[in-house]
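Take a look at the structure set out below.
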Amino acid sequence: MKCRSVACIWSATPFPHRVTAVAASTHTFYTAGSDGSIIWWTLSTSTLQVKAVGVLCGHAAPVTDIAVCTPIAAEENCYGTKFSAIVSASSDGFLCVWSLNSGHCRCRRKLPPWVGTPRIIRTLPSTPRYVCIACSFVENSVEGNEFGDREAQSRKPPRCTILIVDTYSLSITQTVFHGSLSIGPVKFMELVLGDDEKRNSVFVVDSAGKQQMVSISEDPRDRGECLVSLQDDKDRLESSLCSEGLCGVEQIVSVLTYGNVAAFVLKDRCVFRLLSSDSTVGEVSFVDSLFSLDPHSTQTHVVGGVFVESDDDLGNPCMNHEFGNLSSVHFVVWNSIGYAFVYKISYQNDVFKCEPHAEIPATDYQPDMRLSVFFLQVNQYLVCIKSVCFHYEEPLLWRPLVTIWSPRHFDDKPGKLYRQCRMINDGVSFTNWFQRSTQLKGLGDVEATITSNASQSPDDVDNTHLDSISNYHAYKGEVVSSSMIISENLFTPYAVVYGFLSGRIEVVRFDPFQGICLDDASANLDEKPTACKQYFSGHTGAVLCLAAHQMLGSAKNLTYKRVLVSGSMDCTIHIWDLDTSSLIMVMHHHVAAVRQIILPPSLTVHPWSDCFLSVGEDGCVALVSLETLRVERMFPGHMNYPSKVLWDGARGYVSCLCQTHYGTSDATDVLYIWDVKTGSRERVLRGTAAHSMFDHFCKSISMNSISGTLLNGNTSVSSLLLPIVDDARFSNSPLSLSENLLTTSRSSPSISNLTELNSSKTNAGKGNSTKPNMSSLISLLSNKLPIKCACPFPGIVSLSFDLASLMFSYQNNDSVENGGGKPMNNNLKPQGIQEQNPSNHNSETLEGHELVSLFEEYLLRYSLSFLHLWGVDRELDNLLVNDMKLRRPENFIVASGLQGDKGSLTLTFPGQSATFELWKSSSEFCAMRSLTMVSLAQRLISLSHSVSEASSALAAFYTRNFMEKFPDVKPPSLQLLVAFWQDESEHVRMAARSIFHCAASHVVPVPLRNSKPTESTNTSSQTGSIDTHLGSITVESISPKAEKQRISKDEESKILAWLESFEVQDWISCVGGTSQDAMTSHIIVAAALAIWYPSLVKPSLATLVVHPLMKLSMAMNEKYSSTAAELLAEGMESTWKECIFSEIPRLIGDIFFQVELSGPSSKSVTEISDASFSIKKTLVEVLLPSLAMADIPGFLTVIESQIWSTASDSPVHMVSLLTLIRIMRGSPKNLAQYLDKVVNFILHTIDPSNTVIRKACFQSSMTTFKEVVRVYPMVAVNDSWTKLAIGDVIGEVNNASIRVYDMQSVTMVKVLDASGPPGLPTLLTAASGTVLTTAISALSFSPDGEGLVAFSEYGLLIRWWSLGSFWWEKLSRNFVPVQCTKLIFVPPWEGFSPNSSRSSIMANILETDRQLNLQDNARDSNHGDSLKQLLHNLDLSYRLEWVDARKVLLTRHGHELGTFQL
């Protein structure tokens, strides 16, 4: 399980966003942009305010379409609520599924190249889990010689692919159509229901109005391909608007369907047709309305339309009208400047009606302004989304503006033609966040007017916001065109680099966090850092790409160590000295804009390790040496700009993927493979083979990558551009990463360079002594980079903090202790164990320990500084700054985020409001961020006790205080928290449990929640009592209270469905789990709630969950079995015992079977995995004692059978003895009545006739004997350990005895009579002669071993047997009870009370006849209760101590009760 917390660093200027697609849900809507970004907006139902929450980063190419889907339906969900998401597609073939709740990317996948470029997504109305995707190919294809004339390429009929995709896993379940259509390229697609309202059909239309209908098989999960060729049915399925007299139409703007009616929206009118009969039912002309309103009438035309559903139709619009008839519905069309009309349309009984309903005013159009307009419905409101750009600006400066309108409410001010819709909310843009933060970058002079006066007219408000948008030209030159973070091979990032449209470059260092220098342990924390910003000027065009490289060559004439390489729109490449900010060289080998700088990968050898690749729009790729500052290789001849370039350093090849049309994924793409050494072109691959070979390059490079990404070094190439290879491949890599780090020159800039980079000064004196420890630290951290950085879009930098790497204890690793040599032992020592004798270490090793400890503290403080929610609790903030020495990141605009699937990210905008939206909407984010913060705080306490107060306050804030302060924050996900209950780090385990307890009462899962919570009931009811003395076991599985509250069969089936559900929820994809994790975590959560919060859950939950919990504990699952065993043990007495009492012996036998598997006869101990060993340790040390204490006779029966059924050298016998010790310490009174069986078992293990078992168990057996003698005073051995005496703890008055054993022959030699008082036989006859009572309270052998003294609390008697050695040795071994030699009555002491268990003789004599009769009648029924009462009142504190040869001292709880002469 991975717990990754994301911090996001924003530049001070907003990134561009031209909307290309929109989608809406209940309270949220999404706008997708041409740069691949998707902005997540929320609409508050109470205040009707719109907020831009964050940006979803999963695409590196323009997003073509987005749609709402349901990956897990309500009936499959077991939560009773449907799980909604949006699915997005980009032109490069990537699909992403984003959760509507948290914005988290559940799944990211690339479509195969044969399907083409995805263009349109529509959700299947009948099964919203599946979506239909229409893909098309670029019309022109490359054939023949790639150097031929590209314009003279043959035109082919347009090809199209229509797919059904499962949004749960993004797998293609059905190919509806694949081939050439008889119509033109598909421009519009809608899904319609057939006559039976189940069978879906795909309705496709080209730009000329030609249409086709393709049917889909009823079950989309039917994987049989349904390639429907429509050529035969052309007359039925194809029609053209030209036949209706619309030949003069240039182009159709949009096609919409509502039920059986299709609306063809043209630039000047809209035609409504029936899908069933293909006949026109009505037409609306826009010429008299939209075109006559604006003086620029030649420039305005209709650009879109949408059907607006009423409140009644929001469920399923197609179901709310008869087939062929259209009830009253609103239809909205808008023109290119945002002017919109709302029509009321109805079609019933072959009569079509269209009436103007309202209008929405337009933007004050300016000649130099470009505008893109979308309308969509959110609840009952209309949201207008405009993207604005001015001609004098770069194309990168598109800005979105959102306004909210109500089609049901109208303004008093009349519109230009009709009544005007009321504006609910004035213009909102996500740029508001940046306008508030501009002072951070010195851009305070930027004008940004945010009006919120609702009394203004909509025209004035809209125009005011356009004035504000027009002022964005103040950002001219300050808009970030490329960015990167310098972090490769560093454990903490060094700097963020921004390249601007003006050509200026800015480097912002993380200097506020560099107070702790790794090369100087005595660095002053309060010392003011050096300048944290550097500026580079020289480019005349926008900076498009960046890279930072550390020189690895040994050339003596090199005067620079770290270089910054930048490529620009001005066709030049600048090489800068990063240390001095000076220009080294300007290179002019490209004749078009330079788009990418590619650095050499990890295993590149010299001299190629100090080179880089430059990729230009001129189609050339050049290899430039940073040592010679010359172009060493030129790779020309690509058919166009190679958008994806990979450098395989191990094999010396460069692969360049040229896409037929930029940003698309087609089967006509071409892959060029070049040899770096010779500069020759090795191979050219086309189509599917090109993509397959490129994927092969990705896999081989990622295997050798240290950072785990395909991006080599520090470059501005988007982390989303190249595919992400699964982490599983890294662990299977044949190359040892630690070897790579130690042996290759490329990977050396790690800790040693961190010292130089992160500190403003160097300490040469200490640098030499720490080098051995540095190299070992490099090898340790190679696979555990704690912070991974990415730049998904220009101006956005993400830092992903991995909790497992941050919690890794480097200091306890042997390789560091050995001074950097080869690790002697790869196994880490348990955390928290310190060296017993530190004085034995040499000074160099101790200095290395101080260095590592200092580094760990620095890493934790760095992480906490970026992840903490600053500004919420001022008192806590001051405590963290003053006591914990955290540095608030004031030079950066920091926000939060979520890590998604395969490199995708969900990042919030700057500002607390956006971050709070993530806390309020995502229980997964709350759980992971809280878990990270509490774990880091606890870890910091273990490293530095001086920060314990601040760390405790920080942990309390994220555990409890934050939720109390903001009640609308979503409680953490319980399933996610229990996934970390078995984490390697103790701090993470404890943090997960603490947060679970704080959140459990707020977020009990719906199927488990008790609708009528009652007071906490005592589940261990007396009715489940067990009559163990008679050997008959009676168990009532459910107490009467639970019986009254029995739930219905329906509720019970819902609980079982929830326990067995394996759907991959959001939290699973957040932590990288599987469907097995989903099911097992449900079991753990239900079991924990049943134990700790029984009043909050349904009464029968314990009965339903206990058997899955038992199976899980024995399943040897590395993530959950130990946790399941601990929960079984913890709730055994209170919750599980009455449910599974009859199955306890079988469960004990299963544990012994697992123990037997690890025995010497099965395999060597070294072959057992650490996880398996840990699980078995939990089973033996935690679960087995609790099971044994719950059913002691059953446990004793099992271990006695193990003596004969398992091998004599089996570890089972040892485990049985250790478990007996744990029972004696945990439940000594309950075991007391079975002391005979316990002693017999121990004697079996030391039987001299079985030498194997005696040899294996002798030491443990004697330890167990000593524990028995220590705990139970009624067991005694003589000084020479040759004789053993054991008395009846509880027995009938006339039938008590003491048994004497010979330890050497392990046999019983004599029975001593300890029955009722002699001489008074008639006083205790029928009344109490057979009543259970305490028999022997203490035993002791005389110092010479020739006598035995016994004390009985019942009757306060001391008995003495004076037996000479002759009697012991010579007397025949008959078992006739021997009477005592002397009997002494002990006078009652102060405080002694004769109750039911401690009654004196006189109390028995004076009992009335009524009591005797009652006792006689109820003897059988109360036998078990009296036994329980006796065990409860059993006193094990009596001791008999010898004062001299014939005098004994009786004590209780250490207090003397009297000395008696024998």
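Along the sequence shown, residues carry numbers from 1. It should be emphasised that the depicted structure is a prediction, and the values quoted were computed from it without experimental measurement.
At least one donor-acceptor pair under 3.5 Å links the side chain of D1191 to the backbone N or O of G1194. With hydrogens and angles ignored, the 3.5 Å screen pairs no side-chain donor or acceptor of H1213 with any backbone N or O of I1199. Although no hydrogens or angles enter the test, the distance criterion places a donor-acceptor pair under 3.5 Å between the side chain of S1352 and the main chain of A1335. Side-chain atoms of S1186 come within 3.5 Å of backbone N or O of L1183 as a donor-acceptor pair. Under the 3.5 Å distance criterion, the side-chain polar atoms of D1302 are left unmatched by any main-chain donor or acceptor of T1307. Side-chain atoms of W1281 do not come within 3.5 Å of backbone N or O of M1262 as any donor-acceptor pair. A distance-only check finds no donor-acceptor pair linking the side chain of T1178 to the backbone of V1182 [under 3.5 Å]. With K1382 contributing its side chain and W1360 its backbone, the two residues share no donor-acceptor pair below 3.5 Å. Of the possible donor and acceptor atoms, none in the side chain of S1227 sits under 3.5 Å from a partner among the backbone N and O of I1223.
For the side chain to side chain donor-acceptor pair (under 3.5 Å) test, no residue two or more places apart in sequence or in another chain qualifies with W981.
Paired with V1300 under the rule side chain to side chain contact (heavy atoms under 4.5 Å, CB included), one option of V1378, L1312, L1284 passes, and it is L1312.
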* Could you check L1127 against I1091 for side chain to side chain contact (heavy atoms under 4.5 Å, CB included), going step by step and ending with a plain yes or no? => CA-CA 8 Å; L1127 287 176; I1091 296 172; 4.1 Å; yes
* To do: Apply the test side chain to side chain contact (heavy atoms under 4.5 Å, CB included) to residues I1221 and L1217: give CA-CA distance (whole Å), side-chain angles for both, the deciding distance (0.1 Å), then the verdict.
  => CA-CA 7 Å; I1221 294 178; L1217 291 167; 5.9 Å; no
* Passes side chain to side chain contact (heavy atoms under 4.5 Å, CB included), M1224 versus V1268? Steps please. -> CA-CA 7 Å; M1224 282 184 270; V1268 171; 3.4 Å; yes
* Asked: Taking it one step at a time, do D1313 and W1361 satisfy side chain to side chain contact (heavy atoms under 4.5 Å, CB included)?
  -> CA-CA 10 Å; D1313 185 11; W1361 287 268; 5.5 Å; no
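The minimum heavy-atom distance between D1279 and P1343, with the atom names listed, is OD2-O, 3.5 Å. Pairing each heavy atom of S1174 with each of S1122, the nearest pair is O-OG, 3.9 Å. Across all non-hydrogen atoms, the minimal contact from M1303 to K1283 is CG-N, 3.9 Å. For the pair R1439 and L1436, the tightest heavy-atom approach, listed with the atom from each and the gap, is NH1-O, 2.9 Å. Minimum interatomic distance between A1190 and M1132 (heavy atoms only, all atoms of both residues): CB-CG, 3.6 Å. Contact record, L1231 with L1220: CD2-O, 4.4 Å, taken as the closest heavy-atom pair.
Atom CD1 of I1358 sits about 11.5 Å away from atom SG of C1380, to the nearest 0.5 Å. Between the CD1 atom in I1298 and the CZ atom in R1359 there is a gap of 7.5 Å [rounded to 0.5 Å]. Of the inter-residue distances, the one linking L1235 atom CG with Q1233 atom CD reads 9.5 Å to the nearest 0.5 angstrom. Here L1434 contributes atom CG and I1290 contributes atom CD1; the two are 6.0 Å apart, rounded to the nearest 0.5 Å. L1179 contributes atom CG, which lies 10.0 Å from atom CG of D1150 (distance to the nearest 0.5 angstrom). The distance from the OG atom of S1210 to the CZ atom of F1152 is 9.0 Å, given to the nearest 0.5 Å.
Between I1144 and W1136, every side-chain heavy-atom pair lies at or beyond the 4.5 Å cut-off. Between I1203 and T1245, the closest side-chain pair of non-hydrogen atoms falls below 4.5 Å. Residues V1275 and L1339 fail the side-chain proximity criterion, which asks for heavy atoms closer than 4.5 Å. At least one side-chain heavy atom of M1114 sits under 4.5 Å from a side-chain heavy atom of L1147. Taking 4.5 Å as the limit, every side-chain heavy atom of Y1272 sits out of range of all side-chain heavy atoms of I1286. Using a 4.5 Å heavy-atom threshold, the side chains of V1212 and F1153 count as separate. Looking at heavy atoms from C-beta onward, F1265 lies in side-chain contact with L1243 at the 4.5 angstrom threshold. Using a 4.5 Å cut-off on side-chain heavy atoms (C-beta onward), I1151 and V1215 make no contact.
The aromatic rings of Y1438 and W1389 sit perpendicular to each other, their planes meeting at more than 60°, with 30° as the lower class boundary. Ring planes of W1092 and H997: tilted class, angle from 30 to 60°.
Annotation: M990, atom CE; neighbour count of heavy atoms from other residues, nucleotides and ligands within 6.0 Å does not exceed 12. Heavy-atom neighbours of H1453 NE2 from other residues, nucleotides or ligands within 6.0 Å: above the threshold of 12.
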Ignoring hydrogens and angles, write down the donor-acceptor pairs under 3.5 Å from the side chains of residues 1454-1462, residues two or more places apart or on other chains.
from  : atom 1 : to    : atom 2 : distance (Å)
Q1461 : NE2    : R1446 : O      : 3.3

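With respect to the salt-bridge test (charged N to carboxylate O, under 4.0 angstrom), the residues R993 and E1126 qualify.
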